Asker: 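Right, I'll just put the structure down here and ask away after.
Naming: A, B, ... by sequence-line order, numbering from 1 per chain. Everything numeric here is computed off the predicted structure, so don't read it as measured data.
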4 protein chains.
Amino acid sequence: MSISTTAPTSADIGIFDALESQVRSYSRSWPVVFDRAVGSTLYDEDGRGYLDFFAGAGALNYGHNNPALKEVLIRYLADDRIIHSLDMFTTARRDFLQTFSESILAPRDLDYRVVFPGPGGANAVEAALKLARKVTGRESVINFTNAFHGMTLGALSVTGNSLKRGGAGVPLVHATPMPYDDYFNQDYPDFFYLERLLTDSGSGLNLPAAVIVESVQGEGGINAARAEWLRGLADLCRRHEILLIVDDVQMGCGRTGGFFSFEEAGIVPDMVCLSKSISGSGLPMALTLVRPDLDIWEPGEHNGTFRGIAPAFATATEAIRTYWQDDALERSTILKGARVESRFNAIVSEFGDAGIVSKGRGLARGLQFADGATADAVCHAAFERGLLMETSGPSGEVMKILPALTITDEELDRGLDIIAASVDEALTA
Amino acid sequence: MSISTTAPTSADIGIFDALESQVRSYSRSWPVVFDRAVGSTLYDEDGRGYLDFFAGAGALNYGHNNPALKEVLIRYLADDRIIHSLDMFTTARRDFLQTFSESILAPRDLDYRVVFPGPGGANAVEAALKLARKVTGRESVINFTNAFHGMTLGALSVTGNSLKRGGAGVPLVHATPMPYDDYFNQDYPDFFYLERLLTDSGSGLNLPAAVIVESVQGEGGINAARAEWLRGLADLCRRHEILLIVDDVQMGCGRTGGFFSFEEAGIVPDMVCLSKSISGSGLPMALTLVRPDLDIWEPGEHNGTFRGIAPAFATATEAIRTYWQDDALERSTILKGARVESRFNAIVSEFGDAGIVSKGRGLARGLQFADGATADAVCHAAFERGLLMETSGPSGEVMKILPALTITDEELDRGLDIIAASVDEALTA
Amino acid sequence: MSISTTAPTSADIGIFDALESQVRSYSRSWPVVFDRAVGSTLYDEDGRGYLDFFAGAGALNYGHNNPALKEVLIRYLADDRIIHSLDMFTTARRDFLQTFSESILAPRDLDYRVVFPGPGGANAVEAALKLARKVTGRESVINFTNAFHGMTLGALSVTGNSLKRGGAGVPLVHATPMPYDDYFNQDYPDFFYLERLLTDSGSGLNLPAAVIVESVQGEGGINAARAEWLRGLADLCRRHEILLIVDDVQMGCGRTGGFFSFEEAGIVPDMVCLSKSISGSGLPMALTLVRPDLDIWEPGEHNGTFRGIAPAFATATEAIRTYWQDDALERSTILKGARVESRFNAIVSEFGDAGIVSKGRGLARGLQFADGATADAVCHAAFERGLLMETSGPSGEVMKILPALTITDEELDRGLDIIAASVDEALTA
Amino acid sequence: MSISTTAPTSADIGIFDALESQVRSYSRSWPVVFDRAVGSTLYDEDGRGYLDFFAGAGALNYGHNNPALKEVLIRYLADDRIIHSLDMFTTARRDFLQTFSESILAPRDLDYRVVFPGPGGANAVEAALKLARKVTGRESVINFTNAFHGMTLGALSVTGNSLKRGGAGVPLVHATPMPYDDYFNQDYPDFFYLERLLTDSGSGLNLPAAVIVESVQGEGGINAARAEWLRGLADLCRRHEILLIVDDVQMGCGRTGGFFSFEEAGIVPDMVCLSKSISGSGLPMALTLVRPDLDIWEPGEHNGTFRGIAPAFATATEAIRTYWQDDALERSTILKGARVESRFNAIVSEFGDAGIVSKGRGLARGLQFADGATADAVCHAAFERGLLMETSGPSGEVMKILPALTITDEELDRGLDIIAASVDEALTA
């Protein structure tokens with residue numbers, strides 16, 4: 001494997017320019033044409049390797065073309081087993097439900113009904129919001145500053161980013177943003193405003209159906225909520241009879257250590273949204289988990305074409321069998337996360353005056369720079385050295401890494417070396 | 001291959017009852033557990049075959065596990081090529097764009113930019129509505145009676161079905177329904193009301209950003225718009241500077257004969273939504289095609305995790321290469337459609353007093369019965385005979401078939417025989 | 001009394017130009033400063049008289065400074081009786097309720113509870129919409145093409161005029177416009193579209209809380225609904241359990257003959273909005289009448305500062321005592337209306353090629369011209385001759401007259417002569 | 001004058017029970033029928049006098065039937081001058097504009113265009129919100145906890161009270177509540193949350209068109225904002241290019257001392273809403289004052305029937321001539337307010353354990369009790385002693401007084417004696 005350390009040559013990208021919409025974004029940062037990928041390495045069409053600290057924005061927690069999943073997937077297809085099945089009963093769906101129940105829910109003492117809401121995370125969020133509104137008979141929802149929940153109209157209405165919100169073309173209503181953990185550097189008590197609004201009948205806040213929250217805000221800038229903040233939120237929701245929806249689309253499936261990102265806090269949400277890495281293989285799949293007594297839907301009241309991509313069920317099942325029978329992956333993720341953190345802390349110290357902040361939990365990690373331009377420069381310098389990372393945060397000021405949980409220590413260190421060099425280049429330029 | 005002609009034995013479905021949400025629907029009609037599928041036949045776990053006149057609700061126009069696509073797909077995966085890629089440049093995406101441009105757009109003289117809006121049809125619709133609103137600076141949209149465009153909040157707001165609309169839990173606004181073709185049995189001129197509202201500044205209709213329409217309404221009851229109605233609609237939109245969005249999610253990819261369902265009418269929509277059969281293999285994929293001058297998006301203004309499922313691109317490319325280099329499939333589909341129509345007409349005649357109506361275009365066909373119970377009884381009787389069909393229409397009164405376009409004449413006839421027998425059973429019971 | 005027949009001299013209007021908002025409208029048509037008014041004559045500050053065929057847009061059905069009402073009003077004030085009383089019990093409120101009940105409701109066999117919703121018509125409409133939504137638990141409302149119901153956000157959402165709607169600055173939602181009577185020159189059956197949408201569960205029309213309608217659309221262009229159309233509407237509402245709200249703000253209080261404009265049709269609305277001429281004196285006052293079983297409000301759930309302008313109650317009571325103890329006014333109004341109609345018909349005949357249409361009912365009458373410019377020219381010519389009229393209709397193409405019901409035959413004829421001369425001038429210019 | 005000190009006898013209120021809607025509220029607290037009123041005394045139909053510390057909820061700042069205004073009003077009517085004039089030029093409107101400009105705006109160095117938005121405060125608010133949205137092209141508005149701005153749909157959407165909001169029957173959208181001054185007992189910096197949301201492009205707050213605020217929240221519980229808080233708000237609005245609307249409907253016209261309640265803070269709002277006491281006589285009238293460069297309305301884009309109640313203009317003009325030529329009234333109001341405050345402070349001290357709080361500014365004063373029941377008991381005891389007051393605040397926990405500014409010291413002391421006795425009775429019962 002040869003990782004590129006020089007700038008890529010100009011690729012044949014004319015057809016993209018000619019045909020693809022201006023809305024494309026990642027290809028602007030990485031103007032090469034990728035072809036193959038194994039584990040934590042992507043290869044462009046000229047065979048140059050790129051170390052992937054991005055992992056499909058969290059959709060590839062087990063790496064690209066993970067051999068265990070690949071084998072199951074190819075065998076599944078070779079055997080002419082069902083690919084597309086809407087919400088029909090299939091053996092693949094049954095295997096998944098059984099395995100998910102036995103290896104994920106039962107050991108964590110969780111009791112949920114499983115909704116297959118459609119292929120992506122936005123579907124999981126839209127389904128959760130719908131059901132929360134149906135159950136409570138209320139319309140409004142509390143979201144948090146810098147939240148990201150998806151780009152369909154319902155999901156977008158609880159998302160913070162102003163560029164993305166502006167794209168809706170209609171006023172986004174029914175949601176009120178509240179400060180996420182540490183929004184004020186812990187200068188004020190948690191939930192002081194939300195709690196007050198809820199207890200004051202003259203506050204002007206419509207009583208919400210639900211609160212939707214990410215345990216760690218990925219797109220929002222790798223903001224990790226403290227466990228006690230999450231517990232406080234769960235307690236507030238219970239006291240005010242508001243449903244708590246955890247959007248674990250990006251931070252679930254082991255990204256922060258435990259299978260669910262909220263395990264560490266010891267809370268039990270009323271609904272959980274999963275997607276991205278749930279299939280394990282990168283194939284689209286999403287789940288909305290709901291407390292059994294909330295499952296009051298009529299048959300077909302929510303549906304969709306891609307609720308039963310059975311090859312995704314097959315790899316999802318295999319991923320659970322491979323990685324979630326014991327706590328080895330969880331411990332490894334925490335250790336690797338600590339390794340990143342220590343290295344990031346060293347960078348923060350080294351550039352003491354630059355106001356860099358190390359952020360994150362598990363293997364969702366970030367370095368916050370003074371502005372978006374600096375973070376961009378770091379990512380660009382890293383790309384030149386063969387490392388893929390993206391920025392996040394409201395001004396793109398956070399260099400964000402989501403390495404595959406299966407990354408080797410060697411790969412991790414190599415990437416961290418590149419990051420250190422890239423920060424150095426960007427800040428001393 | 002042995003097609004079941006007896007009722008299935010009780011399958012092991014306890015885990016579904018215990019774990020899956022009450023919202024599931026198809027599995028209520030077909031309480032068997034499917035496992036394998038080839039061409040137009042699905043097999044349950046006991047090896048019983050079922051003839052598939054349903055084709056993933058239009059997502060499997062080339063049949064289950066089509067050998068050409070299967071080969072490409074397995075080879076793609078075996079070679080460790082990229083599965084998940086957001087909107088990065090990939091060789092698979094480039095091949096698809098090239099092929100789609102050369103074999104689909106160019107021969108039809110169509111000039112569109114391609115948006116990869118997310119994995120499913122609702123994403124394609126949400127993206128189209130967003131862009132239409134951004135371009136025009138208007139909020140409202142005209143939809144049609146009995147339209148179906150998806151279950152996310154934006155898509156749902158232009159959907160007709162009251163059960164599905166009710167599930168939103170918030171008032172669905174910004175859309176005004178207009179009568180679809182033949183809503184009044186052609187007693188009134190086309191667009192008499194819409195046209196009047198648009199020219200009357202006191203009408204109370206907000207000037208719409210767009211009109212969204214299906215050439216044939218599948219979920220709405222296999223209502224096929226006449227070509228002149230579609231042309232009239234396109235003309236009206238042009239005169240009033242309203243964007244015309246054709247939702248070809250279910251009726252595109254050859255379902256009605258031509259690749260696009262609107263070809264027959266000779267119209268050129270401003271935007272086109274594709275999904276379902278676009279990947280060919282049943283893997284999730286969706287496209288929004290937009291007139292080049294409308295492509296005014298900022299980078300990243302619309303995004304999403306599953307915009308680059310490269311195996312789906314690979315099979316989509318192969319499907320175009322296999323089926324859309326000449327007009328063989330189009331002619332075959334039209335012939336098969338005529339075969340169905342003639343058989344349906346015979347059924348209508350035979351049960352002259354029952355008020356059955358034969359509906360549809362190409363291989364989107366339906367028999368409308370007096371009520372939903374009768375249509376249900378027909379489908380149930382057919383299932384007992386080993387044929388899978390679903391109902392559609394506002395009261396489920398339309399028996400709907402969407403066979404794979406690759407179905408053999410023998411299979412088609414066998415299914416039509418079962419339908420004839422099932423109608424007979426249901427109506428003479 | 002000397003009625004001006006020459007153009008007014010320039011008045012001192014500098015302070016208006018300097019201080020009043022650009023939004024002013026009537027003063028643009030009539031650039032004179034009015035000072036006194038008696039019966040059907042307004043006097044400018046130079047003593048020139050203007051015959052008033054406009055009557056405060058229907059707020060002065062009993063003429064300016066009607067002597068009977070003036071006497072009561074001055075005595076009321078001289079006696080230091082309460083002017084402002086919110087919704088406290090007052091003798092004036094009691095007298096009004098007693099008189100309204102005995103002389104208006106009882107003889108017509110109407111059973112309503114009276115809401116004092118605030119000072120103006122928009123308050124009456126807002127209160128009716130609120131209560132209809134509370135009672136039914138539904139949000140949407142059916143309004144009609146070219147409806148006008150007021151300028152506050154709720155009332156505006158059911159109003160048709162695009163300039164006025166555009167002023168809202170937010171999308172106006174929750175209302176769907178249906179064709180008013182004769183919108184299609186009776187080419188189609190009444191309610192064919194609304195009825196169909198309501199019976200089709202897939203129509204995409206949210207089941208409405210209420211239908212709001214004017215018996216004659218004043219601002220919309222003096223469109224008079226036929227009695228059978230109103231009966232059909234009432235029947236449709238009853239069958240679908242939709243509340244029927246008649247907005248009688250402009251057409252009530254005898255404008256069309258009977259006290260309520262809907263009497264002629266023999267229907268009984270679920271709610272009625274009254275304002276404009278209800279006080280008789282031109283002082284602000286409004287009522288929302290509601291079917292007793294719909295009166296499910298909590299105390300204070302709707303309120304406002306100007307719900308108890310007691311001098312308005314005093315003149316309202318006196319107006320009923322003076323004019324509504326027998327059917328003299330009703331018969332007189334119908335006769336005068338016929339007098340206008342016959343004269344208008346003569347004008348229509350005389351200018352046979354001009355496409356003039358005579359419209360209206362009772363003393364709400366209009367002449368529709370080919371365009372707004374012609375109607376404007378007629379009104380301008382009439383103003384030069386000392387007659388005040390305004391235009392209405394979506395393009396201002398309807399010359400609209402709402403003379404005081406107390407106008408003398410001499411005044412009426414004089415005004416009609418001016419109209420005839422003005423039409424002649426405008427059309428032969 | 002004999003003020004009642006015993007409970008009133010049962011009045012003839014049967015007709016109210018039979019005919020008036022359940023929504024009535026004040027008449028529930030004061031079950032007597034009022035008839036006459038002079039200065040600060042209301043008389044019921046049996047001649048019993050009640051001292052009025054309520055003043056039409058702030059609509060009677062110059063007392064009932066103020067002799068100066070009464071004389072002008074009767075003479076105006078006796079002379080057959082115009083009563084109802086829409087927005088035509090009238091001598092009465094001109095006199096008002098001239099006087100308002102010379103005696104109110106000019107001495108305060110204020111430059112506003114005057115909109116006559118309709119008869120009541122809600123109209124003034126609706127007009128301001130419309131224009132703010134039109135000017136900025138934005139939809140959302142910032143309001144404050146416990147705000148009250150009116151009961152029409154637009155005004156209600158920026159109002160806090162949950163009972164009143166619930167009455168809307170549709171979700172109230174486009175407004176986000178922020179903490180009013182002292183909402184957190186000054187534990188946190190002013191505007192810490194709003195400022196942060198506005199500077200964070202990922203906050204999820206739609207950039208607002210305007211902030212709407214009351215200098216003292218009357219209905220919200222007599223919450224008086226500090227001058228520095230108002231200045232901070234004006235500064236924040238200027239920095240973020242958000243329009244500042246001061247709703248001075250209840251607190252304007254001298255209620256807090258200066259003509260405008262915001263004078264003390266030295267701020268200049270972009271728009272000001274006036275109503276209630278602007279006519280002086282209790283007749284309905286309202287104004288929206290707008291910065292000249294914001295006056296971009298089309299003629300007629302906002303209109304309404306009761307924009308020109310000329311007798312109200314006449315008394316409004318006379319009120320300015322009588323009371324606003326020097327600072328006598330302002331000084332008197334401040335002195336009387338201090339007199340009330342000192343007496344209230346004594347009550348707070350006397351009942352030290354009861355947690356009573358003295359609130360307010362000028363002659364808008366309140367005593368906050370532990371709960372609504374206590375405040376109710378105080379008001380009830382006062383009514384038994386012949387004093388009229390109401391409660392306010394989210395739980396009705398604030399005894400609120402708005403005496404006429406023209407109240408005599410003797411009357412004021414008499415009322416304060418009754419309050420002291422009533423508090424004593426309520427708290428020691």
Asker: What are the two closest non-hydrogen atoms of His174(A) and Pro171(D), and how far apart are they?
Answerer: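 Scanning both residues completely, I find the closest heavy atoms to be CE1-CB, 3.5 Å.
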Asker: Output yes when a side-chain donor or acceptor of Ser203(D) lies under 3.5 Å from a complementary backbone atom of Thr145(A), and no otherwise.
Answerer: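 It does not hold such a pair.
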Asker: Quick check for you: among Asn161(D), Asn143(D), Thr159(D), which has the greatest number of heavy-atom pairs under 4.5 Å with chain A?
Answerer: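 Highest number of heavy-atom pairs under 4.5 Å: Asn161(D).
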Asker: Check whether Phe148(D) gets within reach of chain A through its side chain, its backbone, both or neither, counting any heavy atom under 4.5 Å.
Answerer: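 The answer is neither part of Phe148(D).
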Asker: Looking at Ser201(D) and Ser162(A), would you say the former's side chain and the latter's main chain have a donor-acceptor pair under 3.5 Å?
Answerer: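 No, because the side chain of Ser201(D) does not come within donor-acceptor range (under 3.5 Å) of the backbone of Ser162(A).
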Asker: Do you know which of Asn206(A), Leu205(A), Leu207(A) has the most heavy-atom pairs under 4.5 Å to chain D?
Answerer: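 If we count pairs closer than 4.5 Å to chain D, Asn206(A) comes out on top.
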Asker: For chain A, which candidate among Ser157(D), Pro177(D), Ala175(D) shows the most heavy-atom pairs at distances under 4.5 Å?
Answerer: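 Of the options given, most contacts go to Pro177(D).
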Asker: What part of Leu197(A) gets closer than 4.5 Å to chain D, counting heavy atoms only: side chain, backbone, both or neither?
Answerer: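 Both backbone and side chain.
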Asker: Closest approach of Pro394(A) and Gly202(D), non-hydrogen atoms and distance?
Answerer: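 Here Pro394(A) and Gly202(D) meet closest at CB-N, 3.6 Å.
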Asker: Could you tell me which non-hydrogen atom of Tyr183(D) sits nearest to which non-hydrogen atom of Asp200(A), and how far apart they are?
Answerer: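 Heavy-atom minimum between the residues: OH-OD2, 2.6 Å.
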Asker: So which of Lys164(A), Met178(A), Arg138(A) has the biggest tally of heavy-atom pairs under 4.5 Å with chain D?
Answerer: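 Heavy-atom pair counts peak at Met178(A).
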Asker: Would you please classify the geometry between the Tyr188(A) ring and the Phe192(D) ring as parallel, tilted or perpendicular, with 30° and 60° separating the classes?
Answerer: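 It falls in the tilted class, 30° to 60°.
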Asker: Contact part of Arg196(D) toward chain A, heavy-atom cut-off under 4.5 Å: side chain, backbone, both or neither?
Answerer: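 Both parts, backbone and side chain.
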